[in-house]
Amino acid sequence: MLALPFYLAQISVKCSDRARYPNSIVNRSDAPLRREHPFTIEMLSAVSIPLILLQMFVKVQCHSKTAQTSGRVSFTNDNLRVSTQSGPCQFVVAATDGSSCNVFDLSGLPNTVYNLSDSWPEPYLVAPPCQTVDTSGCSACAKAAPAGVVQLLGAKDADPKNAWGCNGPRCIRCDGDDFASPKIVAGGATEGINITYGGGDAGRFVTYIMVCDPNAPRTNGPDPLMKQAYYVTWRTPLACGTPAPPTQCVATLPTPTPALTAWQEREIGALIHFNMATYGASCGPAATFNPTQLDTDQWATSFAALGVREAVLVAKHGCGFTTWPTKATVPGGGRYNYSVAYTPWKNGTGDVLSQFLKSCNAKNIGTGFYYSLASNTFAQRMGWSADELLAIEKQHLLELWGQTYGNHANGGHAEIWFDGGFEGAMQPFVTANLASLQPSAAVFNGCIQKGAGNNASNCVSPNSVRWIGTESGTAPNPTWSTGFSGAGDPNGAVFQPAECDTTLQNGDQWFYNG
């Protein structure tokens with residue numbers, strides 16, 4: 001493999017003054033409760049640096065401060081269609097302009113399920129905030145998981161000739177799996193509160209627009225018509241807040257872990273795609289991999305010249321080839337044989353990962369590995385079951401994070417990449433071993449469970465970093481360090497800053513394509 005010259009544009013991400021946690025956190029009663037930090041992305045003068053398949057990413061470091069709520073709770077009711085959990089429905093939240101901190105106590109809302117509609121013929125069963133609809137009496141969705149709003153459908157969504165209602169053929173959960181971490185937006189005490197629950201089927205969410213109306217009866221229910229889809233408007237005196245001590249809001253602000261602060265200070269990183277696909281065959285036989293001029297010292301020298309302070313190397317991509325001589329065993333007792341140990345490179349004694357670690361450590365560049373838990377084409381070809389593949393993946397991760405490649409002599413890895421997240425069955429293993437083996441590593445996509453979305457209950461590490469949502473190398477303005485996707489959420493409950501990754505080639509091409 002020849003070292004090829006690439007023109008690189010250094011990308012710097014800057015935030016306004018006092019934009020970096022923890023310096024911008026001021027635990028004073030007169031401190032602003034929310035602060036937005038715009039950023040700029042600058043293209044500096046290009047420099048010609050010879051690299052082998054270097055891809056670069058930058059980190060968005062613009063921060064937010066936000067109050068949190070007590071979470072989603074439910075209380076008892078004998079109605080068949082209302083949940084039977086108990087607890088207050090109370091939210092302590094700062095106004096969006098930072099002017100006040102108020103308590104919104106919705107515990108007195110009626111314990112009733114309401115039938116709402118919108119422009120479509122299907123009805124909605126709507127419970128108050130902090131309650132869920134008990135659908136056990138509905139044949140349409142008797143086995144559905146709890147939800148605050150349920151949409152009852154006929155055989156075809158928009159065909160009024162079909163049966164609609166509780167005994168129809170099916171239902172849709174409009175919210176569902178993030179009850180403990182709703183998104184809260186509030187104005188002043190007289191401006192009401194908006195409560196959004198996600199986790200519904202096919203990405204649906206429900207927003208309760210709780211309007212402060214001191215003249216409405218406490219028994220008032222929601223408006224009979226949805227405002228657009230999945231927006232419930234509710235006029236009630238219970239949505240009028242009462243003042244809370246400012247310290248109560250400040251105390252619950254999400255803040256970065258020391259690992260995330262260090263990650264943000266590193267600012268620029270390199271993401272190196274060097275694997276089987278480098279040679280034109282995305283999942284070719286092991287013998288395809290045979291570099292002739294691999295020089296990881298040259299990589300590290302280029303990183304240092306660019307100002308890179310951490311580098312992440314693809315250890316295994318989707319095809320399943322490992323660039324280290326893994327000793328993992330496979331079903332039947334053999335060795336995992338889709339690795340550098342089964343290639344002509346250095347007669348099977350080569351080890352890209354060891355060379356990479358040595359080179360980066362010599363330049364004081366933080367390290368990390370990309371490992372795709374979302375796919376393995378080689379495993380599919382071998383016919384291994386999902387459980388058999390999980391057993392192999394666990395062995396691989398222990399090698400990458402443990403004594404062999406964990407870089408513990410240099411403080412462990414700077415960042416660990418999960419492209420596409422992780423399988424739910426892997427969550428307990430990943431959580432435990434990140435905590436014990438790599439507690440100081442930032443974890444890219446650390447809150448994304450495959451098929452279950454990106455939320456607090458899925459996080460495998462408190463050091464999680466989210467994807468910015470594009471591979472263009474740019475980020476929206478503003479971008480918040482709280483939230484679970486894209487530009488973030490100023491009212492997010494978890495500090496999870498964003499990372500921008502981008503390629504050096506056209507057409508979103510991550511591996512070298514000569």
Side-chain angles (χ1 to χ4, degrees), residues 13-28 30-41 59-72 91-104 178 180-189 191-199 205-210 231 241 244 246-257 260-261 264 447 453-456 459 464-470 474-500:
V13 179
K14 299 181 179 179
C15 294
S16 62
D17 189 36
R18 296 181 61 84
R20 185 169 288 112
Y21 274 93
N23 297 330
S24 61
I25 298 173
V26 183
N27 291 320
R28 305 198 322 265
D30 62 341
L33 296 175
R34 187 175 75 99
R35 180 177 295 163
E36 174 182 325
H37 300 286
F39 64 90
T40 60
I41 294 182
K59 302 161 190 163
V60 177
Q61 301 183 72
C62 306
H63 308 270
S64 69
K65 303 199 298 182
T66 177
Q68 297 185 49
T69 74
S70 58
R72 178 166 179 143
F91 304 92
V92 181
V93 61
T96 53
D97 62 2
S99 61
S100 60
C101 181
N102 298 290
V103 178
F104 296 86
D178 69 345
S181 56
K183 296 179 180 179
I184 306 298
V185 177
E191 297 177 42
I193 181 173
N194 291 357
I195 307 169
T196 299
Y197 298 112
F205 63 89
V206 171
T207 295
Y208 291 89
I209 303 173
M210 308 302 295
Y231 286 81
T247 54
Q248 190 170 357
C249 284
V250 173
T252 58
L253 295 176
T255 57
T257 63
L260 287 178
T261 300
Q264 291 183 307
C447 292
N454 188 347
N455 57 58
C459 296
S464 179
V465 174
R466 74 179 190 271
W467 181 45
I468 195 61
T470 174
T474 61
N477 187 2
T479 286
W480 301 90
S481 283
T482 48
F484 289 100
S485 62
D489 178 4
N491 298 290
V494 174
F495 192 96
Q496 187 185 205
E499 182 166 287
C500 291

For this session: Would you give the length of the straight line joining atom CG of Asn194 to atom OH of Tyr231, rounded to the nearest 0.5 angstrom?
Result: 9.0 Å
Problem set entry | Identified side chain to side chain contact (heavy atoms under 4.5 Å, CB included) counterpart of Ile195 within the set Ile184, Thr207, Val206 | Ile184
Exercise. At their closest point, which heavy atom of Gly241 faces which heavy atom of Phe104, and how far apart are they?
Worked result: N-CE2, 3.5 Å
For this session: Please examine the side chains of Ile468 and Pro476, heavy atoms only from C-beta on, and report whether any two atoms are closer than 4.5 Å.
Result: yes
Exercise. Can you check whether Arg466 reaches Phe484 side chain to side chain, under 4.5 Å on heavy atoms?
Worked result: no
Seminar exercise, completed: Scanning both residues in full, the closest heavy-atom pair of Ala244 with Val103 reads CB-CG2, 3.5 Å
Problem set entry | Minimum-distance pair of heavy atoms, taken over all atoms of Pro254 and Val494 | CB-C, 4.2 Å
Problem set entry | Contact summary for Leu260 and Pro497, nearest pair of heavy atoms | CD1-CD, 4.0 Å
Problem set entry | The single option from Val93, Ile209, Asn102 passing side chain to side chain contact (heavy atoms under 4.5 Å, CB included) against Ile193 | Val93
Seminar exercise, completed: Looking only at heavy atoms, the pair that brings Cys500 and Thr474 closest together is SG-O, 3.6 Å
